[in-house]
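Counting starts at 1 for both ligands and their atoms, following the listed order.
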Amino acid sequence: MGYVCEECGADYSKWSGQCVQCNAWNSIREIRLETGNRQAKSRVRGYTGSTSEVRSLSEVDADEIVRIQSGMEEFDRVLGGGFVPGSVVLLSGDPGAGKSTILIQTLAHAASERRVLYVSGEESLQQIAARARRIKVPVGHLKMLGETSVERILEVCETEQPEIMVIDSIQVMCCDTLESVPGGVAQVRECAAALTQTAKRDGMIVLIVGHVTKDQTVAGPMTLSHIVDTQIMLSSTEDSRYRILRATKNRFGAVNEIGLFAMTGGGLKEVRNPSAIFLSRVDPPGPGSVVNVLWEGTRPLLVDIQALVVASQHGNPRRLGVGLEQNRIAMLLAVLSRHGGLSTSDYDVFINCVGGIRVAETSADLAVVLGVVSSIRNTVIAPEVFVFGEIGLSGEIRPVANGEARIHEALKHGFKKAIVPGANVPKKVPDGIEIIGVSRLSEAIAAL
Ligand code: TYD
Ligand code: MG
């Protein structure tokens with residue numbers, strides 16, 4: 001037996017009246033802890049589970065990881081190539097983001113080859129069936145269960161032996177051993193732990209759906225993220241037609257890949273060539289707007305970056321970024337003041353990455369600074385211009401990775417003029433494009 005605080009999820013070995021972690025009174029409850037060695041048995045071909053043998057790392061065959069395709073390429077891309085047997089994936093997102101839709105769509109395809117069980121505690125089976133018909137997914141093989149008791153779900157697992165199971169959603173699930181209401185920290189944690197244990201033991205893939213709160217954390221915040229192997233998040237873009245799927249934690253792959261989907265009347269559709277969906281397409285563009293070529297995971301993405309510089313009403317001018325780190329903006333403005341000869345100390349500066357994209361690489365530096373210059377001077381940067389490049393503290397423009405591929409992508413979308421780091425200028429400049437290589441910030445500003 002163990003004890004857990006229902007408010008914050010802290011563990012205790014004995015009962016007490018107040019939780020020392022969160023100071024809540026009378027929130028500590030007894031829980032049953034599973035112990036004992038259960039024999040690993042595998043449901044999935046090729047899954048060897050975990051054994052207690054000591055082996056040297058070189059003996060471990062890395063090919064032992066088999067991957068199961070989800071049926072959607074964009075989904076697999078974010079997972080790092082597909083589902084890994086015995087892993088637990090947390091899919092989080094706002095209500096209405098399309099979590100249930102994407103899972104029904106992908107798993108209906110996977111179900112033609114695998115045993116898939118979809119457990120829904122939120123919607124009735126009739127609702128799910130109606131939606132599945134409407135979006136025309138093959139539902140023939142998909143097994144459904146409307147249940148919220150984890151004990152009962154695990155019993156059904158024993159008989160159905162699913163290879164992939166969906167829990168929609170963890171906030172409505174409950175363990176009979178806990179008295180608290182579903183959705184609380186203790187319940188979420190206990191349910192997730194019970195499901196994870198079974199997943200690891202049997203080599204079953206468990207997909208847990210979790211709603212996020214206003215501050216974008218999954219209820220029962222850290223507890224869930226620590227338990228699962230992979231955490232992916234489905235979020236809407238500003239243009240509400242599109243959805244971005246990205247991994248925030250992945251034990252089996254990189255976390256920098258994003259998957260893009262469009263929400264249509266017939267469910268979610270993959271966006272195979274997404275590079276231009278983050279352009280604002282305002283014609284003609286206003287001052288402060290400049291197109292940057294980002295690199296997301298393994299592909300280029302054209303993103304509109306907008307800067308707005310206005311006279312500050314405060315002694316302490318504001319620097320705000322949507323999709324960009326504030327410290328980076330402050331640093332770039334300092335470099336602009338010292339090496340570009342343009343001070344923004346009397347101005348508030350706002351930077352926005354169009355479409356709700358989050359920029360995690362430095363290639364947007366040049367776009368931010370040139371956007372600011374364009375906004376201060378109130379001049380428009382021609383719509384056929386694109387830029388990318390990192391800016392150093394001494395005003396130097398540094399090359400970024402995949403320069404040539406970025407240029408080719410922009411060329412494909414009709415851009416005709418580039419301001420890029422000198423070292424990123426290709427030896428053979430493609431036809432129909434003028435490339436200005438710059439090595440100092442002052443040169444880049446002059447090139448505008
Ligand atoms: P849903 O998958 O139920 O969201 P979640 O499980 O994340 O809460 O998706 C619901 C939203 O998606 C709803 O607002 C309507 C929209 N939608 C469409 O636009 N087209 C469709 O074909 C489907 C199934 C949903
Ligand atoms: Mg749902």
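The closest approach between any non-hydrogen atom of Gly93 and ligand 1 is not below 4.0 Å.
Scanning the protein heavy atoms around atom 4 (O) of ligand 1, the nearest turns out to be Gly98 N, 3.2 Å. Protein heavy atom at the shortest distance from atom 23 (C) of ligand 1 is Arg134 NH2, 4.0 Å. The nearest heavy-atom contact from the protein to atom 11 (C) of ligand 1 is Gly96 O, 3.5 Å.
Within the 4.0 Å heavy-atom criterion, both parts of Ser100, backbone and side chain, lie near ligand 1. With a heavy-atom cut-off of 4.0 Å, Ile135 touches ligand 1 through its side chain alone. Contacts of Met263 with ligand 1, taken as heavy-atom pairs under 4.0 Å, involve the side chain alone.
For ligand 1, the polar-atom distance check finds an N/O of Lys99 within less than 3.5 Å of one of the ligand's N/O atoms.
Ion pairing between Glu74 and Arg299 holds under the 4.0 Å rule for side-chain N and carboxylate O. Taking a cutoff of 4.0 Å between a charged side-chain nitrogen and a carboxylate oxygen, Glu123 and Arg131 qualify as a salt bridge. With respect to Arg398 and Glu390, a salt bridge is recorded, a charged nitrogen being found less than 4.0 Å from a carboxylate O.
For ligand 1, the atoms closer than 4.0 angstrom to any heavy atom of Gly267 are 21 (C), 22 (O). Near Arg131, with a cut-off below 4.0 Å to any heavy atom, the atoms of ligand 1 are 1 (P), 2 (O), 3 (O), 24 (C). The ligand atoms of ligand 1 that sit less than 4.0 angstrom from a heavy atom of Thr264 are 18 (C), 19 (O), 20 (N), 21 (C), 22 (O). Every atom of ligand 1 is numbered from 1 in the order shown, and the set under 4.0 Å from a heavy atom of Thr101 is 1 (P), 2 (O), 9 (O), 24 (C). Close approach to Gly265 involves these atoms of ligand 1, each under 4.0 Å from a residue heavy atom: 21 (C), 22 (O). Contact atoms of ligand 1 toward Pro95: 8 (O) (distance under 4.0 Å to a heavy atom of the residue).
Arg319 and Thr344 form a side-chain donor-acceptor contact under 3.5 Å, judged by distance and modelled atom types alone. Using a 3.5 Å distance cut-off with no hydrogens or angles, the side chains of Ser120 and Asp168 do not pair a donor with an acceptor.
Of the listed residues (Pro182, Ser149, Cys191), just one forms a side-chain contact (heavy atoms from CB on, under 4.5 Å) with Cys175, and that residue is Cys191.
For atom 15 (C) of ligand 1, the nearest protein heavy atom lies 4.0 Å away or farther.
For the atom pair CE (Met263) and CZ (Arg243), the distance works out to 4.5 Å, reported to the nearest 0.5 Å.
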